[in-house]
Amino acid sequence: MATEAMLSILIEKIFTGLMYQARFALDYKEQLEAMHAKLDHIRTVLSSTDNLKNRGKDAQKYLPRIRKLIYEAEDILTDCLIRDEYQEEESCWSSSTHGVLFRYKTGKQLSKINSRMEMMQTSVDKLLSSNPPINQENYLSQDYDPSEIVGFVEDVKTIKEWILSGEEELNRIGIVGMGGIGKTALAQKIFRDEVADARFEKKIWLSVSQNFSRDQIMRVMLKKLGEDSDRIDENNLLHKIHETLGNRSYLIVVDDVWRMHLDWWNKLWPTSKRSFIIITSRDEDVAKKMGVDILRIHRPNRLNANESWSLFSTFAFSRCGGNCPGDQFKNVGREILDKCGGLPLAIKTIGALIAQDVRSLSYWKRIKKDFRELANESEDGVTASLQLSYDKLPSHLKQCLLCFSIYSEGFVISGEQIVHWWVGEGLIQLPDTKTATDLGFQYLSDLVSRCLVEAVHRRGYYGRVYSCKMHDLVRDMIIEIAKDEAFCSFDDQGQQKLSEESRWLGFTSHMTPHSLKNSPKLRTLIMMSSAPVLLNSKLSSLRVLDFSDMKLNSDEVKNLWKTICSLKRLANLNLSGVEGLKEVPSSIRKLRNLQILVLRKCNNLAIIPPSITDLKKLIVLDLGSCSLEYLPCGLGRLVHLQELSGFPVVSQADTKCCPLRALLELEHLRVLQININGKTEISEENGDILSQLEKLQVLAIDAEQCEEKIVSEMLDLLSPPPKLEELYLMRYHHETLPKWMNLEQLSNLQYLCLEDAHIIDFDTKPKSCEDCNDSKWFLEGLCLKHVPNLVLDWGILISKDMPLLCYAEISNCSNLKNYPYPNEYVWRRNQDRDIHTGKRDGKSPASNQLRSC
């Protein structure tokens with residue numbers, strides 16, 4: 001259960017303090033050791049219980065109580081850790097009066113919590129101690145992306161015939177059926193079909209939640225038609241849609257509709273011949289009302305036995321070459337599928353669960369037993385498969401999954417946002433070998449591979465999930481669990497509501513700006529509305545605050561900062577894209593627990609105060625695409641920094657500017673993005689600085705379109721890091737690559753991206769090898785965007801220069817010879833064949849596709 005993961009995090013925090021003998025651990029050693037023992041005991045009892053939710057109401061009531069104690073203890077320990085790390089520097093900490101009061105107050109709080117934990121331990125023991133321990137499963141994680149939609153042959157044939165024969169001014173088709181039967185999958189198959197591409201001039205996919213508005217629908221439509229809807233008045237939206245679609249033929253899919261207000265629906269669509277609207281809904285009456293008179297209803301068939309096995313195999317055997325291990329496994333698998341009832345969602349999730357230990361027959365039999373018991377209780381194969389998939393998750397992934405409950409139905413979620421949330425909440429157990437965000441994205445891939453989260457957009461090169469969403473049935477399940485475990489509250493329609501005990505909140509437009517005062521225990525606040533919100537200092541437990549892309553003026557930003565800087569436990573702050581943000585106040589130094597600070601795309605941000613160097617816990621500092629002239633001196637004090645974006649390389653003589661050499665103090669730096677401009681100065685003595693960053697794996701250089709020759713000469717002085725795996729060179733307006741971009745100095749490079757460059761020559765042989773014929777790169781990924789002058793022969797490139805290349809994204813490279821596909825397309829190598837995917841790896845620039853993003 002999710003509580004077990006929280007216990008593990010708190011126990012690790014106590015253990016770390018005791019092991020390293022931090023001052024706070026010495027001050028409260030006795031209380032901490034007692035707390036450690038009690039927490040470890042409770043965790044053991046909980047982890048040895050098959051399913052606490054099945055133990056009845058008496059058992060369920062303990063979860064919120066345990067969690068409340070954990071949160072209170074974690075708040076105290078966070079304050080102690082902050083005090084311990086900074087007390088030598090701050091006079092307030094070193095004050096004897098303050099120190100005595102702090103120790104007395106903290107000791108008293110810890111003693112009270114220990115007493116309550118002892119009572120809790122006794123109660124839990126009485127209820128659960130008779131349960132025998134169960135074996136813990138070892139789960140392997142492997143990112144895979146099964147895209148095949150099995151079945152629906154006859155369904156697709158029927159709907160395509162309707163489309164080809166439709167001559168009315170506006171045709172409507174309803175796809176209706178129970179949840180999990182594959183309505184969306186069928187609609188996607190039609191939407192992506194070649195017939196649809198040839199038949200319609202415009203195609204739009206609309207995912208509709210239970211709570212949508214006329215305004216939201218129209219703005220999304222305009223956005224997908226390439227229009228900037230933010231600047232269009234509400235009264236002109238409908239006119240703009242009609243103007244944009246005009247007399248063109250169009251296909252619009254309106255997916256997962258629950259209800260409909262007819263007063264505006266039929267006015268939305270311009271009457272255009274041979275156009276179609278496809279509506280998917282669980283409710284046939286809703287589809288009929290939306291379709292008015294011109295509507296054909298289609299009910300997808302359940303998958304037959306062969307189709308069910310084919311879909312099951314796609315997910316279950318993805319890690320063993322697509323083959324079933326043997327007939328005994330097949331027999332057990334067929335019995336499992338009998339309970340799935342031909343429902344694709346049930347088959348996918350149970351197949352993904354089997355994939356975790358696909359070669360263990362005993363594991364298959366345990367899954368069959370558990371699944372049949374759940375299916376008999378729920379009389380629903382989908383619900384049973386989802387519940388079983390959740391029950392079998394490792395504890396650390398359970399709480400990560402529950403975080404998705406705050407997002408509304410159909411909401412497309414930023415991968416970076418959810419991962420940074422997990423880091424801020426302390427859900428990422430960090431090893432030395434990975435950055436916090438790398439491990440977070442691995443967690444996200446684990447959830448996708450188990451079919452509990454759907455990837456909307458992945459990075460083409462190595463599959464990182466840029467954005468994702470959740471099937472409404474999975475969301476229904478985790479909402480119930482989140483309510484039971486008291487993470488957040490919901491109304492009868494699945495909309496989140498505020499309560500005094502709420503810990504997580506996605507603030508939406510239906511909430512009132514003053515409502516936050518009633519939720520003092522919030523730990524996460526993510527803005528999903530542009531409505532003004534009144535933060536208050538009573539949100540003292542807040543760890544995660546995301547105000548990204550909020551439309552705030554400079555006065556509103558100043559007032560916001562006053563409250564933010566009082567939130568001393570805040571770990572993750574995201575103000576990216578806030579246009580009213582012009583400077584960061586010096587009071588940011590009060591955020592001693594801050595680990596992630598994202599101010600990307602704050603176009604008017606010009607000043608970062610020297611006090612930012614006091615934030616010793618920072619691991620991510622993202623200032624990309626800001627208008628900063630320099631960063632303050634002392635950046636080297638951020639000794640835990642793993643990712644730094646938007647570092648301006650400026651004059652080394654200016655004492656107020658952070659010099660390039662300061663990067664040498666950042667021993668844990670793995671991701672770096674630097675800006676080179678006309679004011680940059682790089683001397684020969686500083687040329688080896690990057691090469692001394694031994695852990696740096698990702699380097700991005702933005703030359704800011706500087707055409708001065710001195711810029712390229714300065715770049716020539718640099719030496720790359722020894723372990724560099726990914727290199728991005730952007731807005732580099734010179735004909736030749738920097739001298740160090742050669743095989744000899746970049747022997748570990750796996751991915752290279754050149755974007756918006758004037759490069760002509762791609763000669764990357766080192767000077768010592770000018771006469772060598774063997775000059776093979778070991779690159780696996782290549783991105784060339786807007787490099788029109790580059791002269792290359794594609795055939796020679798992939799056969800001789802880059803024989804290991806398996807992925808490439810090419811656009812606007814008009815001098816690329818023998819490239820078999822038009823611009824804007826992705827190339828992949830599959831064994832000895834070239835695969836043309838027919839789509840780009842996203843629209844975002846390479847600077848937004850770093851591993852840090």
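We count residues from 1, following the sequence as given. Side chains are part of it too, since the values below use all heavy atoms of this structure and drop only hydrogens, waters and symmetry mates.
For the residue pair Ile682 and Ile676, the shortest heavy atom distance occurs at CD1-CD1, 4.3 Å. Looking at every heavy atom in both residues, Val671 comes nearest to Leu696 through N-CD1, 3.7 Å. Nearest heavy atoms, Ile689 versus Leu664: O-CD2, 3.5 Å. Minimum heavy-atom separation, Leu669 to Glu643: CD1-N, 4.0 Å. Considering all non-hydrogen atoms of both residues, Leu599 and Val584 come closest at CD1-CG2, 3.7 Å. Nearest approach of Arg592 to Ile82, heavy atoms of both residues: CB-CG2, 3.3 Å.
Counting only distance, with no hydrogens or angles, the side chain of Asn574 and the backbone of Asp546 share no donor-acceptor pair below 3.5 Å. Judged by distance alone, with hydrogens and angles left aside, the side-chain atoms of Thr680 form no donor-acceptor pair with the main-chain N or O of Val650 at under 3.5 Å. Although no hydrogens or angles enter the test, the distance criterion places a donor-acceptor pair under 3.5 Å between the side chain of Gln642 and the main chain of Ala436.
Looking at heavy atoms from C-beta onward, Ile406 lies in side-chain contact with Trp421 at the 4.5 angstrom threshold. At least one side-chain heavy atom of Tyr461 sits less than 4.5 Å from a side-chain heavy atom of Gln750. Using a 4.5 Å heavy-atom cutoff, the side chains of Pro722 and Asn748 are not in contact.
For the pair Arg459 and Tyr751, the distance from NZ or CZ to the six-membered ring centre is under 6.0 Å and the angle to the ring normal is within 45 degrees.
Between Asp756 and Arg731 no salt bridge is recorded (no basic side-chain N to carboxylate O distance below 4.0 Å). Note on Lys568 versus Asp75: no salt bridge recorded, every NZ/NE/NH1/NH2 to OD/OE distance being 4.0 Å or above. Salt-bridge formation is detected for the pair Glu809/Lys785: a Lys NZ or Arg NE/NH1/NH2 atom is positioned less than 4.0 Å from an Asp or Glu carboxylate oxygen.
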>> Is there a side chain to side chain contact (heavy atoms under 4.5 Å, CB included) between Leu591 and Leu597? Walk through the geometry before answering.
In response: CA-CA 10 Å; Leu591 302 180; Leu597 177 59; over 6 Å; no
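Between the CG atom in Leu545 and the CG atom in Leu535 there is a gap of 6.0 Å [rounded to 0.5 Å]. Between His734 atom NE2 and Leu715 atom CG the span is 7.5 Å, to the nearest 0.5 Å. One distance of note links CG of Asn553 with NZ of Lys558; it measures 10.0 Å at 0.5 Å rounding. Here the CD1-CD1 distance, from Ile526 to Ile418, works out to 6.5 Å after rounding to the nearest 0.5 Å. Note that the CG atom of Asp801 and the CH2 atom of Trp777 stand 10.5 Å from one another [nearest 0.5 Å].
Between the side chains of His786 and Asn812, at least one donor N or O lies within less than 3.5 Å of an accepting N or O.
Below 30°, between 30° and 60°, or above 60°: for His640 and His668 the angle between ring planes is below 30°, a parallel geometry.
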